[in-house]
Protein chains: 2
Amino acid sequence: MSVKYAMLGLLHYRDMHGYRIKQHMEQHFGNLWSINYGQIYPNLKKMEEEGLVTKKEVVRSGAPTRKLYSITPAGREAFAEWLLSDPHGTMLLRDPFLLRFVFFGFGTRERALQLVDEQIRLYETHLAKRRENMRRWHRQGVYVRQMGELGLLLNETILEWLKQSRREIARSRGEEVLRAERMNLPLES
Amino acid sequence: MSVKYAMLGLLHYRDMHGYRIKQHMEQHFGNLWSINYGQIYPNLKKMEEEGLVTKKEVVRSGAPTRKLYSITPAGREAFAEWLLSDPHGTMLLRDPFLLRFVFFGFGTRERALQLVDEQIRLYETHLAKRRENMRRWHRQGVYVRQMGELGLLLNETILEWLKQSRREIARSRGEEVLRAERMNLPLES
DNA sequence: TTGACATATATACTTTTGATATATATACTT
DNA sequence: AAGTATATATATCAAAAGTATATATGTCAA
């Protein structure tokens with residue numbers, strides 16, 4: 001349950017309510033990591049019960065009441081312990097576009113090019129936003145800034161790869177691709 | 001439910017049993033995408049009920065009985081439909097090391113360097129393996145090979161970033177990092 | 001011969017995601 | 001002035017995905 005500790009980490013900087021936690025999380029992580037309200041609210045509730053955070057309701061006229069959470073000494077302790085522990089498990093990457101990409105050989109080349117072009121536009125937009133965000137990251141500590149840089153590097157790498165792939169797909173004779181990819185090899189062993 | 005379609009895609013190439021699906025999935029995806037048995041076996045069972053695949057038991061003396069699955073015409077149809085549909089959602093990245101990384105400012109610089117070094121070793125091992133695998137990917141179609149190349153590129157990018165980060169962390173005065181990162185700003189708004 | 005590693009299937013459990021509902025504030029557009 | 005879109009804010013839940021583990025055999029090497 002790593003999200004819990006990420007939340008405790010953010011609460012070291014300042015008191016926050018659920019909505020703000022989502023924002024800070026994504027910015028802090030160089031726009032690489034996202035979090036979901038379905039994780040935030042149940043975790044805040046649980047952590048309050050465990051005494052890791054305390055809740056302070058901020059009533060505002062008109063707008064819904066804010067629930068501001070603060071980290072407790074017990075929360076800081078739990079976080080420090082986690083930070084010292086060894087990270088286990090490896091990087092997980094999941095992308096709906098990439099999942100289709102490997103199977104493009106079963107479809108037409110035109111459709112493949114169309115989706116790749118769409119993806120190129122998407123990553124170009126992302127890249128522009130990331131470059132803007134670099135200013136924000138530069139005001140943060142070393143590690144947060146480095147995360148922002150990683151986000152930028154990965155974005156650039158993927159974009160270059162997409163463009164290179166596009167060239168190769170456009171160059172390739174559609175028929176050849178299809179035949180090779182559709183080949184039904186016998187089951188070995 | 002994208003894993004289901006990835007499995008149907010693999011079954012286009014050849015008949016497979018659960019264990020083999022996991023292997024092929026990871027290789028097909030340039031070692032970028034992993035799948036686990038908790039998804040494979042329940043999905044195979046469900047897809048059999050839906051008539052998307054058929055099961056053939058292969059009894060072997062000594063070793064456990066293999067359950068070989070084949071894709072049906074209905075399965076091919078469901079897959080083709082999915083392939084034509086638009087991918088929705090963006091890339092998701094989840095890494096236990098990176099989650100700790102952004103909070104290294106709350107710990108010691110020595111511990112940060114130690115974990116970064118560990119990660120560098122890990123990615124160097126991965127990189128060597130990926131380069132070996134390039135031969136396998138070259139025998140596949142364009143799209144599978146391109147996925148392998150993306151895996152390689154991302155690995156190289158991350159490794160370079162880790163080394164660059166290490167240099168910067170080593171260069172920085174530990175105290176300064178800590179002070180900046182621990183600064184407790186007031187809640188805006 | 002013991003231990004490590006690959007093969008192979010299976011499931012209980014936990015976590016995460018995606019979708020949806022509600023309601024106000026603010027900024028822009030026609 | 002009315003309409004529209006977007007941002008703020010909290011919350012819930014089913015479905016999907018992921019972790020961890022149990023079982024059992026085969027092979028190879030220390």
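Labels below follow one simple rule: chain letters A, B, ... track the order of the sequence lines, proteins then strands, and each chain is numbered from 1. Keep in mind the model is a prediction, meaning the values are calculated, not measured.
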**Request:** Assess whether side chain to side chain donor-acceptor pair (under 3.5 Å) is satisfied between H28(B) and Y13(B), documenting all intermediate values.
**Result:** CA-CA 11 Å; H28(B) 227 70; Y13(B) 291 99; 3.3 Å; yes
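- K22(A) comes within 4.0 angstrom of no nucleic acid atom, judged by non-hydrogen atoms across all strands.
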N/O contacts under 3.5 Å, protein versus nucleotides 16-19 of chain D?
from, atom 1, to, atom 2, distance (Å)
dA17(D), OP1, S2(B), N, 3.1
dA17(D), OP1, S2(B), OG, 3.4
dG18(D), OP1, R94(A), NH1, 2.4
dG18(D), OP2, R94(A), NH1, 3.1
dG18(D), OP2, Q39(B), OE1, 2.9
dG18(D), OP2, Q39(B), NE2, 2.5

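- Atom-to-atom, CG of L68(B) to C1' of dT7(C) comes out at 15 Å; the value is rounded to the nearest Å.
- Across the protein-nucleic acid pair, Y69(B) atom OH and dA8(C) atom C1' stand 12 Å apart, rounded to whole Å.
- Annotation: cation-pi geometry satisfied between K22(A) and Y37(A) (NZ/CZ under 6.0 angstrom from ring centroid, within 45° of ring axis).
- Considering only side-chain N and O atoms, R20(B) lies under 4.0 angstrom from the phosphate OP1 or OP2 of dA8(C).
- Checked for salt-bridge contact, E50(A) and K4(A) meet the test: a charged N lies under 4.0 Å from a carboxylate O.
- K67(B) has a side-chain polar atom (N or O) that falls below the 4.0 Å cut-off from OP1 or OP2 of dA10(C).
- With respect to the salt-bridge test (charged N to carboxylate O, under 4.0 angstrom), the residues E149(A) and R130(A) do not qualify.
- In this structure, R111(A) pairs ionically with D86(B), as a charged nitrogen and a carboxylate oxygen lie closer than 4.0 Å.
- Nucleotide dA7(D) holds its P atom 15 Å from the NE2 atom of H17(A), rounded to whole Å.
- When the local axes at the two ends of the helix from dT1(C)-dA30(D) to dT30(C)-dA1(D) are compared, using 5 base pairs at each end, they differ in direction by 40° after rounding to 10°.
- With respect to the salt-bridge test (charged N to carboxylate O, under 4.0 angstrom), the residues E49(A) and K45(A) do not qualify.
- Checking the phosphate oxygens (OP1, OP2) of dT8(D), a side-chain nitrogen or oxygen of Y19(A) falls inside 4.0 Å.
- When the C1' atom of dT8(D) is taken as reference, atom CD1 of I40(A) falls 14 Å away, rounded to whole Å.
- Listed nucleotides: dT8(D), dA8(C), dT12(D). Nearest to the side chain of K45(A): dT12(D).
- Summarising the geometry, the separation between NE2 on H24(A) and C1' on dT8(D) is reported as 13 Å, rounded to the nearest angstrom.
- The shortest side-chain heavy-atom distance between F103(A) and H12(B) does not fall under the 4.5 Å cut-off.
- Contact annotation: Q23(A) does not reach the phosphate of dA7(D) (side-chain N/O to OP1 or OP2, under 4.0 Å).
- Contact check, Y41(B) against dT9(C): a side-chain N or O comes under 4.0 Å of OP1 or OP2.
- At a threshold of 4.5 Å between non-hydrogen side-chain atoms, the residues I71(A) and T54(A) do not count as touching.
- E118(A) pairs with exactly one of L115(A), I120(A), L122(A), V116(A) by the side chain to side chain contact (heavy atoms under 4.5 Å, CB included) rule, that one being L115(A).
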